[in-house]
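The structure appears below as structure tokens.
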Number of protein chains: 2
Amino acid sequence: MTTNRPETRVERKERTRRAILDAALALCEDSSLAAVSLRQVAKEVGIVPTAFYRHFESIESLGLALVDESFVSLRAMLRDVRRPGVVTTFSGIVDGSVETLLRHVRQHRSHFLFIARERGAGPLSVREAIRHEIELCERELATDLARLPGPDKWTAEDLRVLSNLIVTAMVSTAEQLLSSGARPEAQQSAEKEITETARTQLRMVLIGALNWESRP
Amino acid sequence: MTTNRPETRVERKERTRRAILDAALALCEDSSLAAVSLRQVAKEVGIVPTAFYRHFESIESLGLALVDESFVSLRAMLRDVRRPGVVTTFSGIVDGSVETLLRHVRQHRSHFLFIARERGAGPLSVREAIRHEIELCERELATDLARLPGPDKWTAEDLRVLSNLIVTAMVSTAEQLLSSGARPEAQQSAEKEITETARTQLRMVLIGALNWESRP
DNA sequence: AAGTTCGGTGTACGTTCGTACACTGAAAGC
DNA sequence: GCTTTCAGTGTACGAACGTACACCGAACTT
């Protein structure tokens, strides 16, 4: 049973703000943010168009808020991947990472979908925000890689380059998983194939890394 | 001096069609195709809006035409990369490939820009067309890789996986080159850094490939 | 209890959009 | 030469867009 005490003003505002973010995310499922109109969002939320401005000054700044929000769940995923050494074999790291990625893509479809779209097509400021967040991911990965035997003797530059490669491959994997989800009839087998490919690719890259000689 | 003979009807039609494609491509430089209106294109070309329908039945089918056109130049690039063995060392292959990529991105900016945008944000049919073309590229790369010592003993599946990885990395490199071109003040050094990264990544992947044991 | 703040309303505007329809005039076909 | 074809014209419409402006009423402040 819900307590029926009257809503405070900030609560109500926050609730509407959430509704706007959710509505925008839903509308972004099948077209880019630039193609979403203020009026559509307002109608979806159930407010009058001009009320939108009480929360965001433009669709673009709504986009920036959605980027922040999306990367909260992404960071949660990364924390999940690197949770302290339950597994230490290379195979274990690879399998665990890919499985975690799959789980989070399923769980936060619309966020990943939004990022994948706007990464290439959004307004400049949104693209830059996404690029920046991905760069942070690469840096975090680089510091993790630096603890592995082999890469621990590399130059910082080589570490950067390797994590860029890995993150790129994982972003691509996520995008493939997303588009496989658009056709639910054969989704399971498609997901299996995509994750298997991702696992193999990670292994190939790691083998390359183990045989790499960093020369400064 | 231009010969002044009267234009034939098909010539004139083709000329207008080209103008429409060029105008659309230009308008796509700073927003996605879905956000480009039929009227904008028509105004840019200098025809009345309804005349657009004499050439395309919708913006979407215009998009498909642009995909075709863009991949003509991309295929030209790939032919260029694989031109018969002037160089045979791994380093030679890598350096040559990356340099060719850079050259073609510069030369066909707007085409690459269009593909990069619509690959993630375009209408479904456009996204599928692009995905299909990229898959063709991966297949061609796979048959090339199959001639290399090492990969020549691989399973078809492993070859597919490796070329998917390489193509993904190259697509990402192209996208980075494109966004570096948006800020002309430091473009040269940015391009140098990006291509250097791409070279290193290709080498890392190839080293992984040389040490890979394909087990069926 | 009186006054202020502010999320949400309702109307109203000028613009731009896609597209329907009837048309024109020059090249193509006979 | 007369007819047909068809790329391009011009007008006209309803719908959707962003946004300006005056307003309301309930939650807050004092």
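All values reported here derive from a predicted model rather than from experimental measurement. Here is the naming used below: chain letters follow the sequence lines, and residue numbers restart at 1 for every chain.
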Heavy-atom check, side chain of A/Leu162 versus side chain of A/Ile166, under 4.5 Å: yes
Evaluation steps, side chain to side chain contact (heavy atoms under 4.5 Å, CB included), between A/Met77 and A/Ser73: CA-CA 6 Å; A/Met77 176 185 94; A/Ser73 63; over 6 Å; no
A/Ile134 to A/Arg119 - nearest heavy-atom pair and separation: CD1-CD, 3.9 Å
Nearest-Å distance for atom pair CZ/C1', residues A/Arg17 and C/dC6: 17 Å
Pairwise distance CD(A/Glu69) to OG(A/Ser110) - rounded to 0.5 angstrom: 9.0 Å
Closest to the B/Arg9 side chain, choosing from C/dC17, D/dT5, D/dC28: D/dT5
Closest listed nucleotide, where the reference is the side chain of B/Ile47 and the choices are D/dT9, C/dG7, C/dT9: D/dT9
Toward the 5' end of DNA chain D, by each residue's nearest nucleotide, B/Ala51 or A/Leu38: B/Ala51
Distance-only donor-acceptor test, A/Arg12 side-chain atoms vs C/dG7 base atoms, 3.5 Å: no
Side chain of B/Tyr53 (C-beta onward), nearest among D/dG18, C/dG8, C/dT19: C/dT19
Rounded distance in Å - CZ (B/Arg18) to P (D/dA7): 18 Å
Test side chain to side chain contact (heavy atoms under 4.5 Å, CB included) applied to B/Glu191 and B/Leu102, step by step: CA-CA 8 Å; B/Glu191 279 182 352; B/Leu102 173 60; 3.9 Å; yes
B/Ser37 vs C/dC17: side-chain N/O to OP1/OP2 distance below 4.0 Å: yes
Residue closer to the 5' end of DNA chain C, B/Val10 versus B/Glu57 (nearest nucleotide): B/Glu57
Reported CG-to-CD distance for the pair A/Leu64 and A/Glu60, which is rounded to 0.5 angstrom: 6.0 Å
Nearest non-hydrogen partners of A/Thr100 and A/Gly96, listed with the distance: OG1-O, 2.7 Å
Residues, nucleotides or ligands: over 12 heavy atoms within 6.0 Å of B/Gln188 CD: no
Geometric class of the B/Phe52/B/Phe56 ring pair [parallel <30°, tilted 30-60°, perpendicular >60°]: tilted
Spacing of B/Leu27 atom CG relative to C/dT16 atom C1', expressed in whole Å: 15 Å
DNA chain C: stems of at least 3 consecutive Watson-Crick or G-U pairs whose donor-acceptor distances fall under 3.5 Å: C:1-30 with D:1-30
Non-hydrogen atoms of A/Arg127 and A/Glu118 that approach each other most closely: CG-O, 3.4 Å
A/Phe56 CZ - D/dT19 P separation (whole Å): 15 Å
Integer-rounded Å distance: D/dA15 P and A/Gln40 CD: 17 Å
Nearest listed nucleotide, side chain of B/Pro49, among C/dT19, C/dG7, D/dG8: C/dT19
A/Phe52 CZ - D/dA20 P separation (whole Å): 14 Å
Pick out the pairs of N or O atoms, protein on one side and nucleotides 10-13 of chain C on the other, that lie under 3.5 Å.
unit_1	atom_1	unit_2	atom_2	d
C/dG10	O6	A/Thr50	OG1	3.1

Spacing of A/Arg54 atom CZ relative to D/dA20 atom P, expressed in whole Å: 12 Å
Between C/dA28 (P) and B/Glu7 (CD): distance, integer Å: 10 Å
